[in-house]
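In this chain, residues are counted from 1 in sequence order.
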Amino acid sequence: MFITEVRPRRGRQVLLVLDGEPAVTVDSRTFDESPYRAGGVIDDDQLRELLDRSEKNRAREKALYLLSMRDHSRGELERKLRRTAGEQTAAETAARMEEIGLVNDEAYAARLAEELAARRFYPRRRILQELQEKGVSRVQAEAAAEAVDGEDWERAAQLLRRKYAHRLRTPDDRRRTMAALGRYGFGGDAVRRALDAVRGEEPDWFADEDTPEE
């Protein structure tokens with residue numbers, strides 16, 4: 001095939017016009033490093049090799065960009081790379097990022113688990129769920145969730161103080177609040193212990209303290 005023209009495109013891409021027809025797009029760096037130029041020729045095998053090299057280079061650049069923004073698990077990084085690269089290229093690129101130390105699922109899981117516990121007051125089972133959704137294996141997610149400081153009921157109590165302080169006055173208020181904490185991921189025992197702790201600290205928040213609850 002005759003390389004009729006090489007047209008610059010957005011995002012550091014070039015369009016190859018082959019035999020007079022717009023054909024394929026590759027990243028400009030890959031093309032510049034190749035032996036091909038406008039006016040030359042390229043056969044089918046050479047074109048496939050060029051496209052494969054371009055896909056790998058683009059995946060690598062995207063991986064480095066994503067990791068420069070924030071930490072990723074290997075699974076999460078691979079999933080994002082698959083949006084623009086093939087499965088094999090995405091898997092190989094994510095594995096390479098792990099190999100050179102830019103991805104570390106164990107450290108990532110530990111940091112994220114502590115952040116979810118300290119800033120969002122997530123209970124352990126919700127932390128486990130969040131980590132797995134981020135691509136962390138179940139074994140590593142369980143280890144990280146179990147290692148977080150504090151108990152679930154303590155985080156539930158913190159959430160009560162910060163978000164539900166004025167929704168504890170009546171039995172109906174408390175039932176709705178307990179249901180909300182359950183949806184947040186807390187178990188019944190953690191919710192009850194948190195409620196007892198807050199009641200002991202702030203009895204004024206419970207206007208009908210003597211009213212039995214169901």
Side-chain angles (χ1 to χ4, degrees), residues 59-83 85 87-168 174-202 205-206 213:
R60 179 179 179 275
E61 289 182 2
K62 183 175 180 179
L64 292 172
Y65 169 76
L66 291 170
L67 292 170
S68 73
M69 300 300 290
R70 66 167 179 83
D71 288 342
H72 287 66
S73 70
R74 176 173 167 173
E76 181 186 24
L77 181 63
E78 182 178 333
R79 184 168 62 244
K80 289 186 177 181
L81 293 176
R82 284 202 302 268
R83 297 171 184 171
E87 289 189 12
Q88 181 175 347
T89 297
E92 290 175 353
T93 303
R96 178 57 179 163
M97 295 298 107
E98 183 177 48
E99 181 181 338
I100 63 178
L102 296 180
V103 170
N104 184 320
D105 277 9
E106 184 178 353
Y108 170 78
R111 286 193 298 270
L112 182 55
E114 286 294 343
E115 179 181 339
L116 293 174
R119 295 187 180 181
R120 299 191 184 181
F121 311 118
Y122 280 3
R124 282 186 169 83
R125 67 179 180 182
R126 186 163 180 184
I127 292 172
L128 173 62
Q129 178 183 348
E130 292 285 330
L131 292 178
Q132 289 185 278
E133 288 178 357
K134 290 293 188 180
V136 178
S137 72
R138 184 173 183 86
V139 171
Q140 289 177 316
E142 286 178 341
E146 285 301 315
V148 295
D149 293 333
E151 300 295 333
D152 280 356
W153 72 266
E154 293 173 320
R155 286 185 285 277
Q158 289 178 298
L159 200 57
L160 283 173
R161 297 183 193 103
R162 293 199 177 197
K163 188 174 180 180
Y164 298 99
H166 302 294
R167 296 173 61 182
L168 299 170
R174 290 192 285 277
R175 277 191 290 270
R176 284 190 287 268
T177 296
M178 292 174 74
L181 291 180
R183 292 191 297 272
Y184 203 77
F186 290 102
D189 182 63
V191 173
R192 286 188 290 272
R193 289 188 65 182
L195 199 64
D196 288 342
V198 172
R199 179 186 285 113
E201 298 166 358
E202 301 289 349
W205 291 356
F206 299 79
E213 293 189 53

**Report entry** Worked check of side-chain contact (heavy atoms from CB on, under 4.5 Å) between Leu102 and Leu64
**Finding:** CA-CA 9 Å; Leu102 296 180; Leu64 292 172; 3.7 Å; yes
Query raised in the report: Which value, rounded to the nearest 0.5 Å, describes the distance between Met97 atom CE and Asn104 atom CG?
Result: 14.5 Å
Query raised in the report: Taking the side chain as C-beta and beyond, is there a heavy-atom pair between Glu133 and Glu76 under 4.5 Å?
Result: no
Query raised in the report: Do you know which two heavy atoms are closest between Ser73 and Asp105, and how far apart they sit?
Result: CA-OD1, 3.2 Å
Report task. First locate atom CD of Gln140, then atom CG of Leu128, and finally report the distance between them rounded to the nearest 0.5 Å. Result -> 12.0 Å
Report summary line: Tightest non-hydrogen contact, residues Ala94 and Leu81, listed as N-CD1, 4.2 Å
Query raised in the report: So do the side chains of Lys134 and Tyr108 get within less than 4.5 Å of each other, counting heavy atoms only?
Result: yes
Query raised in the report: With side chains defined as the heavy atoms from C-beta onward, is the minimum distance between Val148 and Arg155 less than 4.5 Å?
Result: yes
Query - Lys62 side-chain N/O to Lys80 backbone N/O, donor-acceptor pair under 3.5 Å - result: yes
**Report entry** Derivation of the side-chain hydrogen bond (donor to acceptor under 3.5 Å, both in side chains) call for Gln158 and Glu154
**Finding:** CA-CA 6 Å; Gln158 289 178 298; Glu154 293 173 320; over 6 Å; no
Query raised in the report: Hey, are the side chains of Asp152 and Arg124 touching, using non-hydrogen atoms and a 4.5 Å cut-off?
Result: yes
Report task. Can you tell me which residue pairs pass the salt bridge (charged side-chain N to carboxylate O under 4.0 Å, His left out) test with a partner in residues 136-147, sequence neighbours excluded? Result -> Arg138-Glu142
Query raised in the report: Taking C-beta and beyond as the side chain, do Phe206 and Arg174 meet within less than 4.5 Å on heavy atoms?
Result: yes
Query raised in the report: Do NZ/NE/NH1/NH2 and the carboxylate oxygens of Arg120 and Glu130 come within less than 4.0 Å?
Result: no
Query raised in the report: Are the side chains of Arg119 and Leu116 in touch, meaning some heavy atoms are under 4.5 Å apart?
Result: no
Query raised in the report: Quick one: side-chain contact (heavy atoms from CB on, under 4.5 Å) partners of Arg193, sequence neighbours excluded?
Result: Trp153, Asp189
Query raised in the report: Are there more than 12 heavy atoms of other residues, nucleotides or ligands under 6.0 Å from atom CD of Gln88?
Result: no
Query raised in the report: Does a side-chain N-to-carboxylate-O contact under 4.0 Å join Glu78 and Arg82?
Result: yes
Report task. Take atom CD of Glu106 as the centre, draw a 6.0 Å sphere, and report whether it contains more than 12 heavy atoms from other residues, nucleotides or ligands. Result -> no
Report task. Compute the ring centroids of Phe121 and Tyr184, then answer whether they are less than 6.0 Å apart. Result -> no
Query - Rounded distance (nearest 0.5 Å) linking atom CZ of Arg111 with atom CG of Asp71 - result: 4.0 Å
Requested in this report: Mind jotting down which residue pairs meet the salt bridge (charged side-chain N to carboxylate O under 4.0 Å, His left out) criterion with at least one end in residues 87-101? Sequence neighbours excluded, please.
Outcome: Arg74-Glu98, Arg96-Glu99
**Report entry** Arg161 and Glu202 ion-paired at < 4.0 Å
**Finding:** no
Report task. Determine, for Tyr164 and Arg167, whether the Lys NZ or Arg CZ falls below 6.0 Å from the six-membered ring centre while staying within 45 degrees of the axis. Result -> no
Query raised in the report: How far apart are the closest heavy atoms of Ala113 and Ala144, and which atoms are they?
Result: CB-O, 3.7 Å
Query raised in the report: What closest approach, in Å, do Phe186 and Arg125 show between heavy atoms, and which atom pair accounts for it?
Result: O-NH2, 3.4 Å
Report task. Taking the side chain as every heavy atom from C-beta outward, state whether Leu181 and Leu195 have any pair of such atoms under 4.5 Å apart. Result -> no
Requested in this report: Looking only at non-hydrogen atoms, find the nearest pair between Leu131 and Ala109 and report the distance.
Outcome: CD2-O, 3.9 Å
Requested in this report: State, with a plain yes or no, whether a side-chain heavy atom of Thr93 is found less than 4.5 Å away from one of Leu77.
Outcome: no
Report task. Determine the minimum heavy-atom distance between Ala157 and Ala194, stating which atoms define it. Result -> N-CB, 3.4 Å
